[in-house]
Amino acid sequence: MSIQTLEQFISEQQTQFPQAKGEFTRLLQAISLAAKIVHREVNKAGLADILGKLGNTNVQGEEQQKLDVFADHYFMDALERVSECCYLASEEHEDGIDLTKRNKYAAGKYMVYFDPLDGSSNIDANVSVGTIFSIYKRISTGEELQSVDFSQTGREQVAAGYVIYGSSTMLVYSTGKGVNGFTLDPSIGEFCLSHPRLKIPEHGKTYSVNESNYNQFSIAVKQYLQYCKEIDKDSNRPYSSRYIGSLVADFHRNMIQGGIFLYPDTFQYPNGKLRLMYECNPLAFIAEQAGGIATTGENPILDIIPTKLHQRTPLIIGSKNMVEMVEKFIVEF
Ligand code: AHG
Ligand code: MN
Ligand code: MN
Ligand code: MN
């Protein structure tokens, strides 16, 4: 069986675009390096002083975990060294970093938004966690970034992906020409192509939602969750309920097996809990590239015009037929 590493795959893709000068390769190499460093820490978390909380809260109002800060540091550091980056934004920082202000001659055209460690509440319990990234090209051409650069919808992403630190560590990404998955082989320190041309099964048998919020959901969502529980052999119901509490892990399961994930708005999160720029947009890009759907319940996630870096949105994402069914309930109720 031949091995194709992530770098070999990217340079093969590069040959299809003669004008590409390897900039994107360097960007993904930086992300892959940081992912390998986080993989190493996650896999010995109990032995390294990397578990537990730091005792402070981040801009989200969440208690920051040591691994949140560790992962943020290494993704920031790796990306800042890539001269092709002009802007970096992380869940863990209130503001993005405009690199054009630091060195106007070195800053390139790529803007990267990332969630350095997704599923932080699960770290100490040794449950899968992840990293999510979203890449845009700046639109403005002057020295400094302009507002037009920050109001690009998710459809303008030039690439998006995630890393899942699970029973194996995988990097899954898309540049708009389908989705490919790479599994880290720690014995050679390389991400190797393991899931070429990933597609989300059109239907699945699991639904993923934090049922403790049930009383706060709309009638339509409540009706859909009842529908999932009804006994109907012909349509493989009742579906199984699976909720890991790490968005990347719940989403990746649905990518492989089919299924639907819902995080609707609640009293605590009237606009939804999940963040548009570095959770929902990148996963929506991947979902649509893999034949799935990602919606707020009313509109496609990728059509939202961003107004704030950390803005939140309701998210319903996964298998085409299952999300279309929720949309039917929303229209009806
Ligand atoms: P993060 O750890 O990056 O802050 O994200 C946590 C998110 C997401 O991973 C998960 O789907 C969701 O929080 C779980 O929220 P609840 O605990 O409210 O269900
Ligand atoms: Mn967080
Ligand atoms: Mn997250
Ligand atoms: Mn996070």
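If you're wondering where the values come from, they're calculated on a predicted model, not measured in any experiment. FYI, the numbering just counts along the sequence from 1. Counting starts at 1 for both ligands and their atoms, in listed order.
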Subject >> Ligand-residue contact atoms, ligand 1 with Arg275, heavy atoms, under 4.0 Å >> reply: 1 (P), 3 (O), 4 (O), 5 (O)
**OP:** Examine the proximity of ligand 1 to Ser120 and report which part, side chain or backbone, both or neither, has a heavy atom under 4.0 Å away.
**Re:** both
Subject >> Working for salt bridge (charged side-chain N to carboxylate O under 4.0 Å, His left out), residues Arg275 and Glu91 >> reply: CA-CA 8 Å; Arg275 284 59 56 111; Glu91 175 200 347; 3.3 Å; yes
Original post:
Which angle, to 10 degrees, forms at the Mn ion (ligand 3) with OE2 of Glu279 on one side and OD1 of Asp118 on the other?
Top reply: 110°
Original post:
Quick one: does Leu274 get an N or O within less than 3.5 Å of an N or O on ligand 1?
Top reply: no
**OP:** Measure the distances from the heavy atoms of Ser121 to every atom of ligand 1 and state whether one is below 4.0 angstrom.
**Re:** no
Subject >> Within the 6.0 Å centroid threshold, strictly below: Tyr136 and Tyr87 >> reply: no
Original post:
What do you reckon, does Gln60 put a non-hydrogen atom under 4.0 Å from ligand 1?
Top reply: no
**OP:** Using 2.8 Å as a strict upper limit, say whether an N, O or S atom of Glu91 approaches the Mn ion (ligand 3) that closely.
**Re:** no
Original post:
Would you say the ring centroid of Phe251 lies under 6.0 angstrom from that of Tyr162?
Top reply: yes
Subject >> Geometric cation-pi criterion Lys222 and Tyr214, 6.0 Å radius, 45° cone >> reply: yes
Subject >> Aromatic Tyr227 / basic Arg237 pairing, under 6.0 angstrom, 45° off normal >> reply: yes
Original post:
Any idea which N/O/S atom from Asp115 gets closest to the Mn ion (ligand 3)?
Top reply: OD2
**OP:** Verify whether the ring centers belonging to Phe182 and His195 lie closer than 6.0 Å.
**Re:** no
Original post:
Of all the atoms in Asp68, is at least one N, O or S atom closer to the Mn ion (ligand 2) than 2.8 Å?
Top reply: no
Original post:
Is there a donor-acceptor contact under 3.5 Å linking the side chains of Gln64 and Asn58?
Top reply: no
**OP:** With heavy atoms of Gly119 as the reference, note each atom of ligand 1 found under 4.0 Å away.
**Re:** 1 (P), 2 (O), 3 (O), 5 (O), 9 (O)
Original post:
Which atoms of ligand 1 sit under 4.0 Å from any heavy atom of Asp115?
Top reply: 3 (O)
Original post:
Out of Tyr263, Tyr278, Phe251, Phe261, whose heavy atom is nearest to atom 18 (O) of ligand 1?
Top reply: Tyr263
**OP:** Determine yes or no for a side-chain-to-main-chain donor-acceptor pair under 3.5 angstrom, with Gln289 supplying the side chain and Phe285 the backbone.
**Re:** no
Original post:
Does Asn122 come within less than 4.0 angstrom of ligand 1, counting non-hydrogen atoms of the residue?
Top reply: no
Original post:
Is the shortest distance from a Lys or Arg side-chain nitrogen in Asp250 or Arg242 to a carboxylate oxygen in the other one below 4.0 Å?
Top reply: no
